[in-house]
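Since the structure comes first, as structure tokens, the remarks are kept for the end.
FYI, the numbering just counts along the sequence from 1. What you see is a predicted model, and the numbers here were worked out from it, not measured in a lab.
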Amino acid sequence: MEKKLSILFYIMLVLAGCLLITNALAQDNLNRTVALNVKQKKIAEILTIIGEKGKFYFSYSNDVIKTDSVVSIVSSGQTIKNLLDELFHGRVDYKESPGYIILRPTPYRLTLVPDTLAGPGNVYYISGYVYDDITGKKLYNASVYEKNSLESTLTDQNGYFQLKIKANGMITLNVSKELYRDTSINFLNNVNVSIKSREYYYSADAANSKSDRSWLGRMFLSSGQKIQNLNLGGYLSTVPVQTSLLPSLGSHGMMSGQIVNNFSLNILGGYNGGVNGVELGGLFNINKQEVKYVQAAGLFNIVGGNSKGVQLAGINNNDQKNIEGIQAAGIYNMVKDSLKGVQLAGIFNHVSNSKGIQAAGIYNYTRKNNKGFSIAGIANVTGNEASGIQVAGIFNKARVIKGVSFAMVNIADTLDGYGIGLLNISRNGYAKIEVYSNEITTTNIAFKSGNAKLYSIISSGVNFTDKHVYYSTGFGLGHDFIFNNNMSLSAEGSTHLLLAKGWKNQNQINRVSALLNFRAGSKVSFFAGPSFNVYTNYGNHPGDSDIQQLIKNKPGLIDWGNRTKGWIGWSAGITIL
């Protein structure tokens with residue numbers, strides 16, 4: 001038994017080693033060597049060959065990186081970085097991401113000229129200048145930073161910088177500036193004690209984050225942080241904890257936009273690369289990239305990437321990509337892409353695509369497609385297709401309704417689903433006017449809106465034939481069984497109020513009808529059919545006796561007591577299509 005366990009442990013150890021080696025190679029593709037022998041091929045084809053040999057992909061824009069040139073290249077053991085230098089003559093910069101090498105133009109190079117002065121307690125004071133490699137001009141607003149200590153600064157108008165760094169081992173100083181190739185230099189190479197290097201990775205989403213350009217970002221981010229983001233782009237690192245008073249006053253200083261924290265505490269407000277845990281802000285939180293799993297702020301949350309988990313704000317949550325989980329705000333929520341979860345707002349919710357639940361005091365707006373459930377005090381508006389369930393106090397609107405839409409008024413270009421409301425307005429739906437008679441009211445008019453699947457009926461009627469005039473008003477729902485172009489059967493259920501000698505009468509008839517329709521032309525059809533009626537009297541007002549006398553004389557009357565009666569009736573009339 002012990003021998004089997006030893007063999008199993010050995011196999012697992014070998015597999016783990018293989019995985020570590022594979023991962024290490026995947027993150028260092030630029031230093032891998034490849035053999036290459038191609039003649040008269042486009043650079044784009046050569047990049048594809050190199051990627052296939054290295055089992056990764058190149059990412060670049062054809063508008064920026066010119067790959068149409070035809071070249072020949074022979075290499076028996078050059079690194080991929082050297083091959084790229086030969087192909088692009090040093091005019092392209094390279095960034096690694098898992099499974100990718102990202103190509104971007106670097107028309108300029110810079111030079112770092114530092115000086116070091118050691119202080120007590122492993123503290124080092126590093127100062128120097130940053131120059132343009134070609135012109136020798138001193139560069140203003142270049143980012144100078146040390147990755148492990150997270151110390152950073154910007155060069156002044158004379159290209160000068162100064163940093164104070166505490167370290168027990170080798171220091172690697174990095175310089176980045178927009179449109180320049182990154183440069184780094186090592187210090188203290190003779191020191192044998194090493195420190196664990198901090199893991200950095202590249203994220204195109206963080207490089208293009210819109211959170212920096214939000215009104216809150218423009219208001220609270222310092223000019224130094226904005227320049228730092230331009231220089232460092234989408235490079236991020238992970239740190240367990242950060243605290244800040246304001247975005248410019250925090251434990252990570254100007255590097256805060258490049259840091260993903262497990263726990264972030266912002267007394268008033270904070271700015272981070274992202275969160276992988278919990279973030280709390282007294283007033284606001286701003287993040288360049290992904291946030292998970294809990295984020296709460298007294299006023300605002302702004303997230304440049306995806307959100308997952310629970311997001312709470314007193315006023316507003318603003319997510320530039322997707323959210324998966326629960327999002328709640330006192331006033332409104334804004335999600336630029338998709339919702340999967342629950343979205344709650346005191347006034348309104350805005351999302352591009354919804355597959356979850358939206359609830360708002362006033363209205364929900366879905367810019368594209370709504371496949372979830374939306375409920376609003378006044379309105380739900382969907383820019384394209386609503387295939388879920390919409391419930392609103394006043395109206396629902398969508399270009400195409402394929403689900404269920406419940407409101408006083410439902411509006412759509414195309415109604416392919418079910419509209420439940422007083423009015424269902426659509427270009428392809430019903431807008432029928434009916435004039436008819438039945439055994440209760442001799443003259444009636446009704447308006448039908450919706451489609452064959454489900455339509456609404458608003459009706460009113462009057463009876464002039466008896467001693468006392470009385471009126472009816474009603475609402476119902478119906479479904480058409482279509483046999484062919486000229487014949488169909490309507491199944492309808494409706495409820496009607498009967499009014500005599502004032503509007504205080506409380507006489508109600510619930511009616512179920514089966515009506516056979518015959519089309520007589522493009523605009524007219526005739527219908528007739530039986531109905532089953534249930535009459536209920538809820539009060540004792542003048543005029544009730546007249547109505548009750550009328551009901552009492554119906555043939556086949558079913559008597560369920562003093563207040564409730566039933567009988568078989570009929571309807572017949574003409575429909576204007």
**Message:** Let's go through Leu422 and Ile458 carefully: what are the C-alpha distance in whole Å and the side-chain angles of both, what is the deciding distance for side-chain contact (heavy atoms from CB on, under 4.5 Å) to 0.1 Å, and is it a yes or a no?
**Reply:** CA-CA 7 Å; Leu422 293 177; Ile458 301 174; 4.0 Å; yes

Residue pair [X] / [Y]: nearest heavy atoms and the distance that separates them:
X      : Y      : result
Leu577 : Gly521 : CD1-O, 4.4 Å
Asn364 : Asn349 : OD1-ND2, 2.9 Å
Asn380 : Asn396 : ND2-OD1, 3.0 Å
Ile331 : Ala345 : O-CB, 3.6 Å
Asn266 : Ser244 : OD1-OG, 2.7 Å
Asp416 : Asn451 : C-ND2, 4.1 Å

Using 4.0 Å as the upper bound for N to carboxylate O, is an ion pair formed by [Y] and [X]?
X      : Y      : answer
Glu385 : Lys402 : yes
Lys565 : Asp559 : yes
Lys432 : Glu434 : no

Gap separating the [atom1] atom of [X] from the [atom2] atom of [Y], nearest 0.5 angstrom:
X      : Y      : atom1 : atom2 : result
Tyr363 : Ser374 : OH    : OG    : 13.0 Å
Ser59  : Leu103 : OG    : CG    : 7.5 Å
Ser264 : Asn262 : OG    : CG    : 10.5 Å
Phe348 : Ile378 : CZ    : CD1   : 13.0 Å
Ser405 : Gln390 : OG    : CD    : 4.5 Å
Ser459 : Ile445 : OG    : CD1   : 10.0 Å

Taking the side chain as every heavy atom from C-beta outward, state whether [X] and [Y] have any atom pair closer than 4.5 Å.
X      : Y      : answer
Leu515 : Leu489 : no
Val310 : Tyr293 : no
Asn306 : Glu324 : no
Thr442 : Val462 : no

**Item:** Result of checking Gln327, His350, Gln311 against Gln343 for side chain to side chain donor-acceptor pair (under 3.5 Å)
**Value:** Gln327

**Message:** Exactly one of Glu279, Lys288, Gln289 should register a side chain to side chain donor-acceptor pair (under 3.5 Å) with Asn272. Which one does?
**Reply:**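 Only match with Asn272 under side chain to side chain donor-acceptor pair (under 3.5 Å): Glu279.
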
**Prompt:** Given Leu339 and Gln358, is the side-chain contact (heavy atoms from CB on, under 4.5 Å) satisfied, shown in steps?
**Reply:** CA-CA 9 Å; Leu339 165 70; Gln358 292 179 288; 3.7 Å; yes

Classify the side-chain pair [X]/[Y] by whether it contains a donor and acceptor separated by less than 3.5 Å.
X      : Y      : result
Thr495 : Asn510 : yes
Arg563 : Thr536 : no
Thr414 : Asn428 : no
Thr382 : Asn384 : no
Asp337 : Ser352 : no
Asn517 : Ser490 : yes
Ser456 : Asn424 : yes
Thr441 : Asn438 : yes

So with a 6.0 Å cut-off around [atom1] of [X], is the heavy-atom count from everything else above 12?
X      : atom1 : result
Lys448 : NZ    : yes
Phe406 : CZ    : no
Met487 : CE    : yes

**Asked** Given the rule in the side-chain contact (heavy atoms from CB on, under 4.5 Å) test, do Thr575 and Phe527 qualify, once you have shown the distances and angles that lead to the verdict?
**Response** CA-CA 8 Å; Thr575 301; Phe527 68 90; 3.4 Å; yes

**Message:** Using the rule given for side-chain contact (heavy atoms from CB on, under 4.5 Å), can you reason through Phe300 versus Asn317, listing the C-alpha separation, both sets of side-chain angles and the distance that settles it, and then say yes or no?
**Reply:** CA-CA 6 Å; Phe300 301 95; Asn317 292 304; over 6 Å; no

**Prompt:** Residues two or more places apart in sequence or in another chain: which of them pass side chain to side chain donor-acceptor pair (under 3.5 Å) with Ser494?
**Reply:**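 Once residues adjacent in sequence are excluded, the partners of Ser494 under the side chain to side chain donor-acceptor pair (under 3.5 Å) criterion are His496.
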
**Message:** Does Ser307 form a side-chain hydrogen bond (donor to acceptor under 3.5 Å, both in side chains) with Asp319? I'd like the steps, not just the answer.
**Reply:** CA-CA 7 Å; Ser307 293; Asp319 291 81; 2.4 Å; yes

**Prompt:** Any idea how Tyr100 and Tyr57 line up, ring-wise: parallel (<30°), tilted (30 to 60°), or perpendicular (>60°)?
**Reply:**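 Rings of Tyr100 and Tyr57: tilted, 30 to 60°.
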
**Asked** Quick check, are the ring centers of Tyr455 and Tyr430 under 6.0 angstrom apart?
**Response** yes

**Face-on cation placement of Lys453 at Tyr418 ring, 6.0 Å and 45° thresholds** = yes

Exercise answer: donor-acceptor pairs, residues 566-574 side-chain atoms, under 3.5 Å, sequence neighbours excluded:
{"from": "Trp567", "atom 1": "NE1", "to": "Glu439", "atom 2": "OE2", "distance (Å)": "2.9"}
{"from": "Ser571", "atom 1": "OG", "to": "Arg511", "atom 2": "NH2", "distance (Å)": "3.2"}

**Fill in**
Paired with Asn318, the side-chain contact (heavy atoms from CB on, under 4.5 Å) test is passed by just one of Ile302, Asn301, Val335, namely Ile302

